[in-house]
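Taking it in order: structure first as structure tokens, then the write-up.
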Amino acid sequence: MNKQPEITDNTRETIVNTFFQLAREKNITQITVCEIIYAAGYSRATFYRYFKDIFALIEYAEDSFFQKTRAALAEHEGKSSVYDRPFFEIFIKCFNEDLNRISVLMSEQNLSHFIRRMREKTIDNINIQIADTPRKKAVTDMFFSSVFSAIANHIQNPNALTDEDLLDIIQKLFIDWYWPQMTSKT
């Protein structure tokens, strides 16, 4: 007998939300499936119906964020083909909309994994057509690694910079370094 999709989606989200609540109190590498199911009120079998392990749960949360970000950016790309300030504003807005999850996903113990996956997803989705040489791919990788590291730093130290300051830095890096590197003939 199949369950109703909204029930299964709610169950999955409850498990994910419980994980992130626990992650506010302890390191994500120390959270166990037993703790999650106990706090969420589900059985071990229910957890494993949705996730192979905690790493799969983290990847699910990352993928959900990537999909939401891609949808917001795609909407902008329909209006403009340029990576202008509104593009970067949308990007920052996506990070700010769910800071509880993002602060865990971009925590010290998960940051390199998150940046690698975000860079891959972003490049695959919006930038692969211009990263057509090994040099341009390296430049693109460096740009996105820098941007995501700056965003992570901003999330971990929210009073160090305003969103506007962060946007200025990202836009300047894009305009003064990234785009000239991508459009040069060498």
Side-chain angles (χ1 to χ4, degrees), residues 13 15-31 36 51 53-77 83-128 130-131 136-182:
E13 284 305 307
I15 292 169
V16 171
N17 289 335
T18 301
F19 168 80
F20 282 100
Q21 288 170 351
L22 292 168
R24 281 186 247 155
E25 300 165 14
K26 65 192 293 187
N27 187 307
I28 63 173
T29 61
Q30 297 172 338
I31 298 171
I36 296 168
F51 305 106
D53 54 25
I54 291 177
F55 299 109
L57 183 152
I58 292 169
E59 286 196 2
Y60 168 82
E62 289 172 341
D63 288 342
S64 297
F65 175 75
F66 300 150
Q67 290 168 2
K68 184 176 90 174
T69 304
R70 258 198 316 262
L73 294 174
E75 190 175 305
H76 172 73
E77 289 173 344
Y83 301 116
D84 52 8
R85 188 165 187 98
F87 174 87
F88 292 112
E89 288 171 351
I90 291 167
F91 209 75
I92 298 298
K93 181 180 178 229
C94 289
F95 280 87
N96 285 333
E97 283 179 347
D98 196 358
L99 280 178
N100 288 331
R101 283 191 184 188
I102 292 301
S103 62
V104 172
L105 294 174
M106 296 185 86
S107 64
E108 193 172 311
Q109 62 268 27
N110 198 52
L111 183 59
S112 62
H113 179 262
F114 182 83
I115 288 176
R116 180 185 52 77
R117 290 197 74 229
M118 184 70 176
R119 187 179 64 227
E120 287 169 2
K121 299 275 185 183
T122 305
I123 291 169
D124 288 349
N125 189 57
I126 64 172
N127 218 15
I128 197 66
I130 57 175
K136 288 181 179 180
K137 183 175 180 345
V139 168
T140 300
D141 284 348
M142 285 188 280
F143 174 73
F144 281 103
S145 292
S146 298
V147 168
F148 299 134
S149 292
I151 292 170
N153 185 291
H154 180 58
I155 288 168
Q156 294 164 1
N157 305 295
N159 297 325
L161 289 174
T162 66
D163 284 355
E164 285 300 312
D165 290 337
L166 178 62
L167 281 166
D168 288 343
I169 292 167
I170 292 170
Q171 189 172 21
K172 187 158 181 55
L173 179 63
F174 181 83
I175 292 169
D176 293 348
W177 182 76
Y178 177 74
W179 197 247
Q181 293 293 320
M182 296 304 285

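- Looking at heavy atoms from C-beta onward, Thr69 lies in side-chain contact with Met118 at the 4.5 angstrom threshold.
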Would you tabulate the side-chain donor-acceptor contacts of residues 102-110 under 3.5 Å, counting partners in other chains and residues two or more places apart, or write 'none'?
{"residue": "Ser103", "atom": "OG", "partner": "Leu99", "partner atom": "O", "Å": "2.9"}
{"residue": "Ser103", "atom": "OG", "partner": "Asn100", "partner atom": "O", "Å": "3.1"}
{"residue": "Ser107", "atom": "OG", "partner": "Val104", "partner atom": "O", "Å": "2.7"}
{"residue": "Gln109", "atom": "NE2", "partner": "Asn27", "partner atom": "OD1", "Å": "3.3"}
{"residue": "Asn110", "atom": "ND2", "partner": "Glu62", "partner atom": "OE2", "Å": "3.3"}
{"residue": "Asn110", "atom": "ND2", "partner": "Leu105", "partner atom": "O", "Å": "2.9"}

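- Residues Phe144 and Ile115 form no side-chain contact, since every pair of their non-hydrogen atoms from C-beta on lies 4.5 Å or further apart.
- Separation of atoms CD1 (Ile15) and CD1 (Ile54) is listed at 11.5 Å; rounding is to 0.5 Å.
- Residues Phe66 and Glu59 are not in side-chain contact: their nearest non-hydrogen atoms beyond the backbone lie 4.5 Å or more apart.
- Looking at heavy atoms from C-beta onward, Phe65 lies out of side-chain contact with Asp98 at the 4.5 angstrom threshold.
- In this structure, CD1 on Ile58 lies 7.0 Å from CZ on Phe20, to the nearest 0.5 angstrom.
- The residues Asp168 and Arg85 are annotated as salt-bridged, a charged nitrogen and a carboxylate oxygen being separated by less than 4.0 angstrom.
- A parallel orientation is assigned to the rings of Phe87 and Phe91, their planes being inclined by less than 30° (bins at 30° and 60°).
- Crowding of Lys93 atom NZ: a count of heavy atoms from other residues, nucleotides or ligands under 6.0 Å not exceeding 12.
- Arg117 CZ to Asp63 CG: the interatomic distance, rounded to the nearest 0.5 Å, is 4.0 Å.
- The side-chain heavy atoms of Val147 and Phe174, taken from C-beta on, include no pair separated by under 4.5 Å.
- Taking CZ from Phe19 and CZ from Arg24, the interatomic distance works out to 11.5 Å, rounded to the nearest 0.5 Å.
- Ring orientation note: the planes of Phe88 and Phe143 are nearly perpendicular, at an angle over 60° on the 30°/60° scale.
- Note that CG of Asp163 is 4.5 Å distant from CG of Asn96, once rounded to the nearest 0.5 Å.
- The aromatic rings of Phe148 and Phe95 sit tilted relative to each other, their planes meeting at an angle between 30° and 60°.
- No side-chain heavy atom of His113 sits less than 4.5 Å from a side-chain heavy atom of Phe55.
- Between Ile151 atom CD1 and Cys94 atom SG the span is 10.0 Å, to the nearest 0.5 Å.
- The side-chain heavy atoms of Val16 and Arg101, taken from C-beta on, include a pair separated by under 4.5 Å.
- Contact detail for Ile36 and Ile31: the closest heavy-atom pair is CG1-CG2, 3.8 Å.
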